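These numbers come from a predicted model, not from an experiment.
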Amino acid sequence: MAERWRPETHMFHLAEGEMTITLKDVAIFTGLPISRDAIIGSTTKPEGGWGPLIRDRLGLDMPTTTPIQGRGHPPLNAGQVSVPWLVTHIQVEVEINDETPEEQVERYARIYLIGLVGGFLFPDKSNRWIQGIWLELLTGD
């Protein structure tokens, strides 16, 4: 399919004709509803900065200036969370079974959702950063 994608027209060129991905296709692939109220959030830096919001929503304490294991950039940069840092953190810590406390399961579910929304549905051009604005939409309730 990658060979048939034409970025000029944002369509796939197939033998049967042109085809594009619609919002309904995304809804079918992801199982997300498309017929309800829009989700909106703030685009401004939260009071207290991004660190406390990340700690509250994802349950993660992250340094704001330490490079990630030789990757040369911090896990938090101008309101963006590093995808490699998040993936590394998840791979190290995730082990969910019947004994896992509900709070921890919810924490991992929020981390997965932020990765899905910020890294798959609405990625930045580099695919290395997730916009912090998505964090505010994840409630701890």
Do V81 and W134 have side chains that get closer than 4.5 Å, going by heavy atoms? no

For T100 and Q104, the nearest pair of non-hydrogen atoms, with its separation, is CG2-OE1, 3.6 Å

To the nearest 0.5 Å, what is the distance between CD on E18 and CE on M11? 5.0 Å

Count the heavy atoms of every other residue, nucleotide or ligand shown that sit under 6.0 Å from CG of N97, and state whether that count exceeds 12. yes

Closest non-hydrogen atom pair between I114 and I130, with its separation: O-CD1, 3.7 Å

Do I111 and R107 touch side chain to side chain, with heavy atoms closer than 4.5 Å? yes

Would you kindly confirm whether I28 and L116 end up in one hydrophobic cluster when ILVMFWY residues are joined by side chain heavy atoms under 4.5 Å apart? no

Does R110 use its side chain to pair, donor to acceptor, with the backbone of R57 at less than 3.5 Å? yes

Please report the shortest heavy-atom distance between V83 and W129, naming the atom on each side. CG2-N, 3.8 Å

When every non-hydrogen atom of I96 is compared with those of V105, the smallest separation belongs to CG2-CG2, 4.0 Å

